[in-house]
Amino acid sequence: MSADRRKPVLVIGLGRFGGAVSRTLERMGHEVLAVDCDAELVQEFAPDLTKVVEADATDEAVLERLGVADFGSAVVAIGTDIEASVLSVLALADLGLTNIWAKATNDKHARILERTGATHVVFPEQRMGERTAHLINERLLDFIAFGDDFAIARLAAPEPIVGLPLVTSECRKKYEVTVVGVKREGEDFIHAVPDTIIFPGDELVVSGRIRNIEKFSAI
């Protein structure tokens, strides 16, 4: 089993975000200890995870008895109960964990989490909202943001560059995006080179700053 080659991870909170994180980590070979105060959620996830415990994760003594100080990473996936979220992060930090991921619902919550000991703060609802907005655009077929300003996207080839080799359309110079590859119906994905000609119906994989990708998709 590959789990013994990966550090175990503690997940606090088994809502939609925490549950998705837990199950994905298990599939990736991690041992997962999940903690939630909801008995029904504990029962639901018990068959899928290494260990699931019904407990109050805001109590440092409880976490200490569970041995969480020996874990490499922790994810505090509590969103709606801000007090519980902050107290859980504080307890983990006091136990010496140095890799704490925490879900935040807004900027103020995020700042409190960071000051309490969270080393990584994520905004899953905000990220999903942004991604959905991008995908509503008919040309953008898939979109992954990295950090606040950079992304890789899959999009329908904009009309102005169709029929031209990339060296002629000058996507990098004119639009400040890089065409990484091209997927043509019925053919394998190809890595783009300067001589690659864009045909009608091609799908492009491009990278660049988010605002430039948005502008490029709209030309």
Side-chain angles (χ1 to χ4, degrees), residues 1-131 144-151 210:
M1 180 175 164
S2 59
D4 59 2
R5 297 197 300 270
R6 298 178 181 270
K7 292 182 178 180
V9 179
L10 169 71
V11 178
I12 297 174
L14 285 171
R16 283 182 295 178
F17 175 65
V21 169
S22 298
R23 284 176 168 144
T24 302
L25 285 169
E26 282 277 349
R27 290 197 299 269
M28 293 171 65
H30 289 272
E31 293 180 357
V32 175
L33 167 60
V35 180
D36 200 290
C37 57
D38 187 322
E40 291 186 4
L41 283 174
V42 168
Q43 185 175 5
E44 177 187 341
F45 281 87
D48 301 332
L49 306 179
T50 310
K51 186 177 182 181
V52 187
V53 177
E54 181 185 350
D56 179 6
T58 66
D59 189 331
E60 182 179 335
V62 170
L63 295 177
E64 190 171 18
R65 285 197 296 273
L66 292 173
V68 301
D70 297 327
F71 281 62
S73 304
V75 179
V76 178
I78 304 169
T80 54
D81 189 339
I82 293 178
E83 181 181 1
S85 166
V86 172
L87 289 175
S88 297
V89 168
L90 179 61
L92 293 169
D94 286 346
L95 287 170
L97 268 74
T98 57
N99 192 26
I100 303 172
W101 294 73
K103 172 186 175 180
T105 55
N106 54 54
D107 290 338
K108 185 176 181 180
H109 184 193
R111 289 196 299 271
I112 295 171
L113 290 170
E114 289 172 344
R115 291 173 184 175
T116 307
T119 47
H120 307 276
V121 176
V122 296
F123 296 84
E125 284 85 2
Q126 178 182 331
R127 290 298 186 200
M128 184 53 68
E130 290 173 351
R131 185 170 186 270
I144 302 174
F146 296 88
D148 295 328
D149 198 33
F150 186 83
I210 293 173

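Keep in mind the model is a prediction, meaning the values are calculated, not measured.
Distance check: Leu33 CG to Thr50 OG1 gives 8.5 Å after rounding to the nearest 0.5 Å. From Glu114, atom CD reaches atom OG1 of Thr119 across 9.5 Å, with rounding to the nearest 0.5 Å. Distance check, rounded to the nearest 0.5 Å: CG of Leu90 to CD1 of Ile100 gives 9.0 Å. The distance from the NE2 atom of His30 to the CG atom of Leu49 is 13.0 Å, given to the nearest 0.5 Å. Distance CD1/Ile210 to CZ/Phe150: 9.5 Å, rounded to 0.5 Å.
Under the salt bridge (charged side-chain N to carboxylate O under 4.0 Å, His left out) criterion, the residue pairs touching residues 88-103 are Lys103-Glu125, with sequence neighbours excluded.
Here the shortest heavy-atom pairing between Ala91 and Ala57 reads CB-O, 4.4 Å. Taking all atoms of both residues into account, the shortest heavy-atom contact from Glu44 to Arg23 is OE2-NH2, 4.0 Å.
Annotation: side chain to side chain contact (heavy atoms under 4.5 Å, CB included) contacts of Ala55 (sequence neighbours excluded): Val35, Val53, Val62. Listed by chain and number, the residues in a side chain to side chain contact (heavy atoms under 4.5 Å, CB included) with Ala104 are His109, Ala110, Leu113, Val121, Phe123 (sequence neighbours excluded). Under the side-chain hydrogen bond (donor to acceptor under 3.5 Å, both in side chains) criterion, Asp59 pairs with no residue, sequence neighbours left out. Residues passing the side chain to side chain contact (heavy atoms under 4.5 Å, CB included) test with Ala39 are Glu54, sequence neighbours excluded.
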Let me check something: any side-chain donor-acceptor pairs from residues 64-84 under 3.5 Å, sequence neighbours excluded? List them with distances.
from, atom 1, to, atom 2, distance (Å)
Ser73, OG, Asn99, ND2, 2.6
Asp81, OD1, Glu83, N, 3.3
Asp81, OD1, Ala84, N, 3.1

- Message: Working note: Val122 + Phe17, criterion side chain to side chain contact (heavy atoms under 4.5 Å, CB included); need CA distance, chi angles, decisive distance, verdict.
- Response: CA-CA 11 Å; Val122 296; Phe17 175 65; 3.8 Å; yes

- Message: Set out, in order, the CA-CA distance, both residues' side-chain angles and the distance that settles side chain to side chain contact (heavy atoms under 4.5 Å, CB included) for Leu92 and Leu10, then state yes or no.
- Response: CA-CA 10 Å; Leu92 293 169; Leu10 169 71; 3.6 Å; yes

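When each of Thr58, Leu97, Asp56, Leu95 is paired with Leu63, the side chain to side chain contact (heavy atoms under 4.5 Å, CB included) condition holds for Leu95 and for no other.
Asp36 places a side-chain N or O within donor-acceptor distance of the main-chain N or O of Leu14, the cut-off being under 3.5 Å.
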